[in-house]
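Residue numbers run from 1 in the order of the sequence given. Values reported hereafter were calculated over all heavy atoms of this structure, with side chains retained and with hydrogens, waters and symmetry mates removed.
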Amino acid sequence: MGPGVAGIVANPASGRDIRRLVAQASVFPTAEKANMVQRVLAAFAAAGVERTLVSTDLGGISAAVHRQLGGDPLPGVEFCDKDPLTGTAQDTINAVRRMVDAGAGVIVCLGGDGTARVAAKACGEVPLLALSTGTNNAFPQMREATVAGLAAGLIASGRIDPDLVTHRVSKLEVVTKARREIALVDVAVTLSKHVGAKALWDPASLTELYCTFAEPDGIGLSSIAGQLCPSPRSSADGVALKLGPVGVTPHVVHAPIAPGLVKAVGVRGWGVLQQGMRVDLAAGGGVIAVDGERELELKPGESAYVELRSDGPWCVDVRAAMAEAARRGLLRSAPADELKKERRR
């Protein structure tokens with residue numbers, strides 16, 4: 001990783017899935033996403049980042065950022081425009097790989113759980129800081145972009161040792177005959193026959209649920225487990241649930257599976273999902289969802305398994321990074337230094 005290099009990837013499609021029609025989720029318009037990128041860039045400049053790679057898109061975010069450049073002093077900005085845009089998750093993968101190849105010390109990702117999952121597949125050992133701009137935001141942080149940019153920028157510029165303020169999270173890996181996919185929050189088995197509209201908003205078809213963590217105050221499918229068997233993100237183990245129709249199961253949880261959408265979910269039972277444990281999924285002829293989105297269609301009789309692994313992405317702890325900056329005085333300077341800066345401007 002090169003000192004002073006960072007990346008920003010922003011998904012124009014985040015927060016625009018079908019759950020907008022069935023819930024009351026917040027909207028992150030293109031203009032706000034572009035403004036968030038600008039705020040991260042301004043923070044990068046203050047933190048000493050010398051070079052920033054920014055993803056391009058068909059939704060207007062990168063175009064708006066390009067128009068806004070030239071005001072405040074910003075780090076050298078380069079757009080990842082070498083790959084043809086497809087309007088799919090592949091655009092995020094291509095941009096993140098470009099950032100990794102350029103030696104980025106950290107990558108800031110704007111999106112929801114799905115965007116963070118895609119970025120995590122491509123970021124390798126580069127720390128990830130996921131900011132919420134999606135529908136369900138169980139994994140990304142709800143942080144002001146300026147503060148997140150300062151934390152990430154201090155890492156990218158080499159002023160804070162990433163070993164002090166990042167941690168490796170768990171992931172779930174789903175393996176079928178044809179594909180491997182990961183999830184950062186949850187894997188669910190549904191009775192659906194086809195992927196269709198990817199986002200899940202009706203839990204009636206769910207039969208199994210596996211979570212890397214389960215927070216009582218979480219959103220999305222993991223909130224079901226959060227009300228039954230809470231498991232913090234710091235735990236090495238996850239949770240596994242067997243689900244069924246309400247009325248025939250011994251337990252019913254009223255869970256916020258999407259913003260503004262609280263659903264009754266029938267639960268047959270639950271238990272600990274240990275690291276390295278492979279669980280065969282009873283999904284033949286159904287669909288497997290990762291982080292709330294249906295991804296894998298299985299033919300009748302086709303097998304699949306899920307495994308909880310400890311080698312998920314490295315993630316930035318914003319609070320720890322800013323506390324380290326305060327402890328070392330990294331964002332303080334003498335009045336004479338500020339006067340010199342003003343004269344150079």
Side-chain angles (χ1 to χ4, degrees), residues 6-20 23 25-41 52-65 79-80 85-100 104 106-123 126-145 148-149 152 169 171 181-186 197-200 212 218-222 258-259 289-295 312-316 318:
I8 305 174
V9 59
N11 181 6
S14 65
R16 295 184 178 181
D17 59 54
I18 195 171
R19 284 169 292 195
R20 284 295 180 281
S26 301
V27 176
F28 282 92
T30 296
E32 174 55 17
K33 292 176 184 176
N35 287 339
M36 290 177 68
V37 173
Q38 284 289 115
R39 300 203 293 273
V40 174
L41 286 170
T52 303
L53 283 76
V54 180
S55 64
T56 54
D57 63 274
L58 296 173
I61 299 175
S62 56
V65 172
F79 290 93
C80 299
L85 294 173
T86 65
T88 69
Q90 190 61 44
D91 294 341
T92 295
I93 292 173
N94 291 340
V96 172
R97 286 175 177 168
R98 293 277 181 184
M99 296 167 189
V100 172
V106 68
I107 295 172
V108 176
C109 171
L110 277 64
D113 291 335
T115 309
R117 177 179 67 85
V118 172
K121 290 168 61 177
C123 70
V126 178
L128 187 67
L129 199 168
L131 291 178
S132 301
T133 65
T135 305
N136 276 12
N137 300 290
F139 184 82
Q141 302 179 40
M142 193 67 73
R143 284 278 184 180
E144 163 51 38
V169 300
K171 70 179 182 183
E181 279 292 344
I182 69 165
L184 299 178
V185 184
D186 52 61
K198 286 191 172 185
L200 282 172
T212 57
I219 190 77
L221 297 182
S222 66
V290 290
D291 289 340
E293 296 182 342
R294 289 177 283 223
E295 281 285 344
W314 290 95
C315 293
V316 176
V318 173

Rounded to the nearest 0.5 Å, what separates atom [atom1] in [X] from atom [atom2] in [Y]?
| X | Y | atom1 | atom2 | answer |
| --- | --- | --- | --- | --- |
| R98 | I93 | CZ | CD1 | 14.0 Å |
| D186 | E293 | CG | CD | 10.5 Å |
| K33 | I8 | NZ | CD1 | 14.5 Å |
| K171 | R117 | NZ | CZ | 12.0 Å |
| Q38 | I61 | CD | CD1 | 12.0 Å |
| T56 | D91 | OG1 | CG | 7.0 Å |

Non-hydrogen atoms of [X] and [Y] that approach each other most closely:
| X | Y | answer |
| --- | --- | --- |
| G149 | V40 | CA-CG1, 4.1 Å |
| S55 | F79 | O-CD2, 4.2 Å |
| C109 | T115 | SG-CG2, 3.6 Å |
| C80 | M99 | SG-CE, 4.2 Å |
| V106 | V316 | CG2-CG2, 3.8 Å |
| P12 | G59 | CB-CA, 3.8 Å |

message: Any side-chain to backbone donor/acceptor pair from T52 onto G7? Under 3.5 Å, distance only.
response: no

query: Side chains of T86 and N94: closer than 4.5 Å at any heavy-atom pair?
result: no

- request: Quickly, which of L53, V126, L129 forms a side chain to side chain contact (heavy atoms under 4.5 Å, CB included) with I107? Name it, please.
  value: V126

message: I need the single residue from V185, T212, D291 that forms a side chain to side chain contact (heavy atoms under 4.5 Å, CB included) with S222. Which is it?
response: V185

